[in-house]
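Here is the structure we will look at.
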Number of protein chains: 2
Amino acid sequence: MQVEAEQPARRKGDETARRVRDAALKLFARHGYAAVSVRQIATDVGVQPGALYNHFPTKQDILRDLMLAHMADLLAAWNKDEVTRSPGEDPLDAFVRFHIRYHLERADEVFVAYMELRNLEPENFAEVEAARQQYEKILSDLLEDGVRAGRYAVADPKVATRAIIAMLTGIPTWYRPGRGLSRQDIETLYLTMVRKCVAPETSKPTGDG
Amino acid sequence: MQVEAEQPARRKGDETARRVRDAALKLFARHGYAAVSVRQIATDVGVQPGALYNHFPTKQDILRDLMLAHMADLLAAWNKDEVTRSPGEDPLDAFVRFHIRYHLERADEVFVAYMELRNLEPENFAEVEAARQQYEKILSDLLEDGVRAGRYAVADPKVATRAIIAMLTGIPTWYRPGRGLSRQDIETLYLTMVRKCVAPETSKPTGDG
DNA sequence: CAAAAATAAATGAACGATCATTCATTTTCA
DNA sequence: TGAAAATGAATGATCGTTCATTTATTTTTG
């Protein structure tokens with residue numbers, strides 16, 4: 001007898017693996033990888049602990065899976081954004097908008113990907129780190145191009161990249177959609193700040209010190 | 001407050017407690033609170049696990065101690081900075097310089113204070129959070145004053161506060177003194193970016209989007 | 001100042017609980 | 001019917017913490 005309506009066409013095993021990922025993501029985001037037990041994940045999935053090992057060899061592999069998938073999704077989403085967007089748009093504007101939207105949509109993934117780096121075994125860390133650098137390179141290339149073209153002015157594009165990404169990635173740590181500012185407000189505010197930050201025509205220094 | 005009139009003078013015991021804090025700070029910064037065992041801390045201190053409980057009632061209290069002390073030190077350091085600095089200096093410049101210097105000097109404390117918030121029990125979290133908001137208020141007050149005086153222009157000082165602090169606090173996650181840029185270089189680069197970010201005279205928008 | 005009493009700190013061994021993981025067996029389902 | 005999935009129980013290891021006892025230091029005395 002069917003307890004719940006399930007999609008009969010879908011392979012059940014894939015379904016469980018997906019639910020493991022979902023449960024682990026939420027638990028890791030809330031409590032941290034090291035503080036979450038395999039038993040907690042299993043309980044959330046509604047299964048015995050041993051059953052998880054039909055889908056993931058170890059707890060570490062669940063984390064690895066989540067983080068690599070996140071980085072791959074992020075890069076894929078950027079590539080898709082690049083081809084979809086209107087050709088005249090300023091690349092930095094596009095990046096900022098993309099980054100904010102993606103990071104607000106996938107807050108848990110982003111949070112885990114940042115916080116749990118140190119809990120990755122070395123080889124897994126190296127993979128994730130490579131993807132992270134790939135993503136950073138998008139912005140720094142874009143800044144370097146803009147500097148060459150005279151559209152932006154930054155003394156050190158690599159440092160500016162770090163600064164901008166830190167600024168944007170910090171948003172999900174405090175912003176909760178639905179109360180106060182809208183997503184659009186956030187986009188506008190940060191877009192303005194980032195633009196000014198790299199603007200070629202500096203306003204004069206405050207000059208009273 | 002509580003009346004602790006008789007202070008038992010400085011004893012050797014304080015020394016062990018200090019070593020526990022030092023060891024715990026380094027271990028928590030490197031591996032995370034949840035991933036570090038009391039036994040590891042005791043080993044680093046050079047003592048048996050049970051001996052730690054002569055100085056801290058629980059593992060949680062070690063974390064609480066580290067985080068509250070960090071926040072208190074941070075606020076105290078700012079107050080000291082405020083009275084020491086030259087009176088003509090722009091307050092935002094002073095804040096940025098202070099924040100960068102302090103956060104580069106105390107990288108482990110800062111990292112733990114940020115990463116381990118979720119491992120604090122509720123009442124401990126509330127205390128730390130209150131101090132954090134107090135520190136944020138320094139910058140947002142300063143921005144609001146500057147906006148009123150026309151020295152800065154930011155649409156939302158609270159958001160700008162978050163953005164600037166995220167940007168600056170991100171520095172210790174990638175910057176290692178001694179190779180490449182000097183601390184002075186970092187200060188200059190970030191000071192320039194922050195100034196531009198809040199500058200009252202905006203350069204014209206890039207205008208091709 | 002030295003002996004005795006009091007206090008503090010550290011030891012070493014243990015506590016029950018929980019950890020990630022394994023596995024023989026049973027259930028599920030194409 | 002056969003393979004994948006889940007169970008339920010167990011593994012040894014490690015977790016934070018406790019505790020009776022020993023060792024070290026400080027305070028109180030004569």
Side-chain angles (χ1 to χ4, degrees), chain A residues 1-25 27-28 30-67 112 116 118-121 124, chain B residues 4-25 27-28 30-67 116 118-121 124:
Chain A
M1 81 183 63
Q2 314 287 66
V3 181
E4 273 177 60
E6 291 191 20
Q7 301 166 15
R10 253 216 175 323
R11 299 259 300 215
K12 190 161 176 243
D14 297 335
E15 172 66 13
T16 302
R18 195 186 56 72
R19 282 164 60 208
V20 171
R21 272 186 285 266
D22 285 355
L25 178 66
L27 287 168
F28 291 167
R30 178 135 36 232
H31 308 290
Y33 172 78
V36 171
S37 70
V38 171
R39 280 172 177 79
Q40 284 175 268
I41 301 170
T43 300
D44 273 29
V45 174
V47 102
Q48 294 297 317
L52 300 193
Y53 290 82
N54 289 321
H55 307 276
F56 296 92
T58 66
K59 182 190 174 190
Q60 170 77 197
D61 284 284
I62 302 177
L63 180 61
R64 176 197 131 98
D65 197 88
L66 288 174
M67 294 185 71
V112 169
E116 305 300 345
R118 61 182 169 187
N119 287 310
L120 285 173
E121 286 161 11
N124 297 336
Chain B
E4 206 116 340
E6 74 290 353
Q7 54 166 354
R10 292 244 158 205
R11 272 174 215 184
K12 181 167 171 267
D14 298 336
E15 170 65 14
T16 301
R18 196 186 55 72
R19 282 163 62 207
V20 170
R21 272 187 284 266
D22 285 355
L25 177 66
L27 287 168
F28 291 168
R30 178 134 38 232
H31 308 290
Y33 171 78
V36 171
S37 71
V38 170
R39 281 171 176 80
Q40 285 175 268
I41 300 170
T43 300
D44 273 29
V45 173
V47 102
Q48 293 296 319
L52 301 192
Y53 290 82
N54 288 321
H55 306 277
F56 297 91
T58 68
K59 182 190 175 191
Q60 168 79 198
D61 285 283
I62 302 176
L63 180 62
R64 175 198 132 98
D65 198 88
L66 288 174
M67 296 186 69
E116 305 301 345
R118 62 181 168 188
N119 288 309
L120 284 174
E121 287 161 11
N124 297 335

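Each chain gets a letter, A, B and so on, in the order the sequences are listed, and its residues count up from 1.
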note: A/Asp14, atom CG; C/dA30, atom P; distance rounded to Å ~ 13 Å

Among D/dT17, D/dT7, C/dA10, the one nearest A/Val47 by side-chain distance: D/dT7

Using atom types as modelled and distance alone, determine if a side-chain donor or acceptor of A/Tyr33 lies under 3.5 Å from a backbone N or O of A/Gln60. yes

Within-4.5 Å side-chain heavy-atom neighbours: A/Leu63 and A/Val112: yes

Treat primed atoms plus P, OP1 and OP2 as sugar-phosphate and everything else as base, then score nucleotides 13-19 of chain C 5' to 3': B for base contact with protein heavy atoms under 4.0 Å, S for sugar-phosphate contact only, - for none. -B----B

Residues passing the side-chain hydrogen bond (donor to acceptor under 3.5 Å, both in side chains) test with B/Thr58, sequence neighbours excluded, are B/Asp61

Does the pair B/Asp22/B/Arg18 count as a salt bridge with the N-to-O cut at 4.0 Å? yes

Just wondering, more than 12 heavy atoms not from A/Arg118 lying within 6.0 Å of its CZ? yes

What is the distance from CD of A/Glu15 to C1' of D/dA4, rounded to the nearest Å? 15 Å

In the structure I gave you, are the side-chain heavy atoms of A/Met67 and A/Asn124 within less than 4.5 Å of one another anywhere? no

Mind calculating the distance between OH (A/Tyr53) and C1' (D/dT7) to the nearest angstrom? 15 Å

Can you tell me how far C1' of D/dG8 sits from CG of A/Leu52, to the nearest Å? 14 Å

Answer yes or no: side-chain N or O of B/Asn54 and base N or O of C/dA10 forming a donor-acceptor pair under 3.5 Å. yes

Could you tell me how far apart B/Phe28 (CZ) and D/dG16 (C1') are, to the nearest whole angstrom? 12 Å

OP1 or OP2 of D/dA5 less than 4.0 angstrom from a side-chain nitrogen or oxygen of A/Thr16, does that happen here? no

Rounded to the Å, how far apart are A/Gln60 CD and C/dT21 C1'? 15 Å

OP1 or OP2 of C/dA10 less than 4.0 angstrom from a side-chain nitrogen or oxygen of B/His55, does that happen here? yes

B/Asp61 atom CG is separated from D/dG16 atom C1', nearest whole Å, by 13 Å

Supply the atom-to-atom distance B/Asn54 CG to B/Thr16 OG1, rounded to the nearest 0.5 angstrom. 9.0 Å

